[in-house]
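The shown structure was predicted, so the numbers you read here are calculated from the model rather than taken from an experiment.
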Amino acid sequence: MALQLLSQKSLCRGTVGRGRRRVSCPSSGSPEMSADVETRVLVINTGGTIGMVLHDGVLSPEPNALVKTLRKLPILHDEQYAEKTKLYECFKPEDKTLVLPRSKLGKRVVYTFLEYCPLLDSSNMTPNDWTTIGKDIEKYYEQYDGFVVLHGTDTMAYTTSALSFMCENLGKPVILTGSQVPIFEMRTDGRDNLLGALLIAGQFVIPEVCLYFHHKLYRGNRVTKVDSGSFQAFASPNLPPLANAEIDININWDTVWRPSTTAKFTVYTQMNLNVGLLRLFPGITTDTIKAFLKAPMEGVILETYGSGNAPDNRADLLEEIRKATERGLIMINCTQCLRGTVTISYATGQALSKAGVVAGFDMTPEAALSKLSYVLAKQNCSTEEKKKMMSQNLRGEMVADLEGAKLSLSDSRFIQIIAKTLSIGCKEELEAIRDALMPSLACAAAKNGNIETLEAIREMGTNLNKADYDDRTPLHIAACEDHLNVVDYLLGKGATVFAKDRFGDTPLRNAIHLRHKEVVELLRNRGAHLSQDELQDTGTELCRLSASGDLEGLKIWKSAGVNMAMSGYNGKTPVEVARALGLKEVVDFLETA
Ligand code: ASN
């Protein structure tokens, strides 16, 4: 691809700072001479409708037309300022550099065009074009404050996703935009989109690959094209916009992704092309699946129903998927729904996970495909490591499930991080925070059956007998969840079997009610028994079980050491109730109990 661009030599090294001019400008809108701060943006024009012209009734890209037109539009170029400040002497080549009028924030965005040849309709773009864009961003990274990429809308969501992964440790804004109507026409969205993208890229340090369209800035790996006939062509179904450009440009800084490393910016340009998107539909044949998954395919995004479901009554289909994942093909489960995430709440979803398909959570298919292509190209990583990367949030492309939260709970720095956030330094305050948070965290870990986390919490000095806001201890929770190993662990660490929650229930009572037989036995072996309060209406409960012939229920109570001859509210014993109803099996059990 031949490029027309400014040469290194022709870049102006200004008087103040590196490559930056500070100029006095009478045309700034201010009555006095005021200093305008200039920022620099590189506009990479790859093509798309924004720069297209009608030829024989069809739209196609027009080379060298865009800059000429923009130069004549006062909202996109201030010629007076350019002349007065000798802009063209500094920023060569002059025919490729423009400057916006002074912004509300007192800045001047100077932007230089780099036009690709040939310009492309985005339907013609391939991963090679993503690489070209990535390399140019890397090449000019230090010379510009931000980058705007003009691109067709049809495959823009793929390019933004791919660039978000390829750009490692990005520290400056990269904003893709385009339009639905050519910029040369009277009613166009192109002028607004370009202006908004330039103002954001030139004025805000948003270190992300973004997409700007119709007054909104989105995270690039969260978008999808949803409308071919509206100016509002894109949606970001699972993440709110990073910025809204209304009367003012409001950035949602809480949503902006922050890289956690200080490593240098690089662009990873290798992408694995043996990837694909397979959309499930009712009646899909095994032959179709088999053909799709066969070599050289290395990674597949399976677009499933609802919250990640596929038929679990199709052994043939699941078997093909299982065989493929066992061969090392990485399969990612993404939903066909526009909004929502993949879970394993249905048997139909669990079947896929058992066949080796990795959950893609709330990733868009575009993001999942380009991430897979990026991850598969990583050398020196095993298949397991690549699968792990796929289920990790690399660039804000997804919200992983509670697995992440579980891990952070067991991170011994957890409390320190909270303390730091709250600017807490002294030991007493730190301990107060720990005491306030740890019981709930320990209960959450007990609920998840996570002994590792419980151990980390205990090592931090927390007594595992501490109860939550309902006076429920981790032992209550583990007993309810039937986590026998957690109950055993907690008992071994001094958890008391006599703790009562706000309803007066002990862990033993919880286990009896939920019929967790082994937990009941374990608690009994460690000396647990029901309290007098708990025993108060036990006679009535036993009579109820007896009347309904619930032998299993009666057996649980017996294993908990309860006297089976206790009478109910009307003075009758359980065996008398069973006899009156002629329930022989129950009578036999209760007579020997
Ligand atoms: N076909 C065009 C493209 O993707 C659509 C557009 O830009 N609105 O290049």
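- Here the side chains of Glu397 and Ser164 are not in contact, with every heavy-atom distance at 4.5 Å or above.
- Between Asn238 and Arg339 there is a side-chain heavy-atom pair separated by less than 4.5 Å.
- More than 12 heavy atoms of other shown residues, nucleotides or ligands fall within 6.0 angstrom of atom CD in Gln270.
- In this structure, Thr335 OG1 and Asn333 CG are separated by 8.0 Å, a value rounded to the nearest 0.5 Å.
- Shown here is Glu585, whose CD atom has no more than 12 heavy atoms of other residues, nucleotides or ligands within 6.0 Å.
- A salt bridge links Glu455 to Arg458: one of the charged nitrogens lies within less than 4.0 Å of a carboxylate oxygen.
- Taking the side chain as every heavy atom from C-beta outward, Phe165 and Trp130 never approach each other to under 4.5 Å.
- Salt bridge Arg222/Asp362: present, at least one basic N to carboxylate O contact under 4.0 Å.
- With salt bridges taken as basic N to acidic carboxylate O contacts below 4.0 Å, none links Arg524 and Glu521.
- Open room surrounds NZ on Lys354; 12 or fewer heavy atoms of other groups in view lie less than 6.0 Å from it.
- Side-chain atoms of Ser373 come within 3.5 Å of backbone atoms of Asn272 as a donor-acceptor pair (strictly under, hydrogens ignored).
- Lys387 places no side-chain N or O within donor-acceptor distance of the main-chain N or O of Ile330, the cut-off being under 3.5 Å.
- Counting non-hydrogen atoms of other residues, nucleotides and ligands closer than 6.0 Å to OH of Tyr469 gives a total of 12 or fewer.
- Checking side-chain atoms of Glu138 against main-chain N and O of Val267 turns up a donor-acceptor pair under 3.5 Å.
- A salt bridge between Arg526 and Asp488 is present, with a side-chain N of the basic residue lying under 4.0 Å from a carboxylate O of the acidic one.
- Counting heavy atoms from C-beta on, the side chains of Asn252 and Asn244 come closer than 4.5 Å.
- With hydrogens and angles left out, the side-chain atoms of Thr496 and Asn465 include no donor and acceptor closer than 3.5 Å.
- Judged by the 6.0 Å distance and 45° axis criteria, Lys172 is positioned over the aromatic ring of Tyr141.
- Put simply, the side chain of Leu217 reaches to within 4.5 Å of the side chain of Ile206, judged on heavy atoms.
- Using a 4.5 Å heavy-atom threshold, the side chains of Glu298 and Val275 count as separate.
- The existence of a salt bridge linking Glu320 and Lys323 is confirmed by a sub-4.0 Å separation between a basic side-chain nitrogen and an acidic carboxylate oxygen.
- Between Val497 and Leu491 there is a side-chain heavy-atom pair separated by less than 4.5 Å.
- Looking at Arg502 and Asp470, a side-chain N of the basic residue comes within less than 4.0 Å of a carboxylate O on the acidic one, giving a salt bridge.
- Phe265 is listed as a side-chain neighbour of Ile137, based on a closest heavy-atom distance under 4.5 Å.
- More than 12 non-hydrogen atoms from other residues, nucleotides or ligands lie less than 6.0 angstrom from NZ of Lys225.
- Using a 4.0 Å cut-off between charged side-chain N and carboxylate O, Glu168 and Lys378 make a salt bridge.
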